[in-house]
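Reading through the C-alpha cells given below for one structure.
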Amino acid sequence: RQINFSTRNEIMSKMSTQEENWHIMTTLGMPWSDTKKLSEEDRQFLMARVSEIHQYRDSQEPAEADDESGPRTRKVYK
C-alpha cells in the first residue's frame with residue numbers, strides 16, 4: 001500500500017530525532033553514531049533525501065492488495 005507524498009511529509013515532520021536517525025541509518029546506510037552528530041541543516045537535507053528515496057521506491061513497486069500474505073521487507077545496504 002502506498003502512502004501519498006503529503007502524508008509521508010506529515011509523518012516525517014512529526015518524527016523524533018531517534019526515529020529520524022533510524023530512517024537515515026536504514027535508508028542511507030549511515031552508521032548510527034554518525035547520525036547522532038548531524039547538524040540540524042544536514043539532518044533536514046538527509047531526511048529530504050530519505051523521503052525522495054522512499055517515494056521513488058514506492059512508485060516502482062506494483063500496487064499490492066490490502067490483504068498481503070506477509071510483511072514487506074526492504075534490503076538495507078551497508
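Within a 6.0 Å radius of CD in Glu19, more than 12 heavy atoms belonging to other residues, nucleotides or ligands are found.
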Mind listing the side-chain donor-acceptor pairs of residues 28-37 below 3.5 Å, one per line with the distance, residues two or more places apart or on another chain?
| residue | atom | partner | partner atom | Å |
| --- | --- | --- | --- | --- |
| Thr35 | OG1 | Trp32 | O | 2.6 |

Leu46/His23 under side-chain contact (heavy atoms from CB on, under 4.5 Å): CA gap, chis, key distance, verdict: CA-CA 10 Å; Leu46 292 175; His23 276 283; over 6 Å; no
Could you walk me through whether Leu38 and Ile24 pass the side-chain contact (heavy atoms from CB on, under 4.5 Å) test, one step at a time? CA-CA 11 Å; Leu38 292 170; Ile24 292 168; 3.8 Å; yes
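With Gln44 as the partner, the side chain to side chain contact (heavy atoms under 4.5 Å, CB included) test is satisfied by one option alone out of Glu41, Met47, Glu40: Glu40.
For the pair Arg49 and Phe45, the cation-pi criterion (under 6.0 Å, within 45° of the ring axis) is fulfilled.
Atom CE in Met25 sits 10.0 Å away from atom CD in Gln18 (nearest 0.5 Å).
In this structure, Ser51 contributes its side chain and Ala48 its backbone to no donor-acceptor pair below 3.5 Å.
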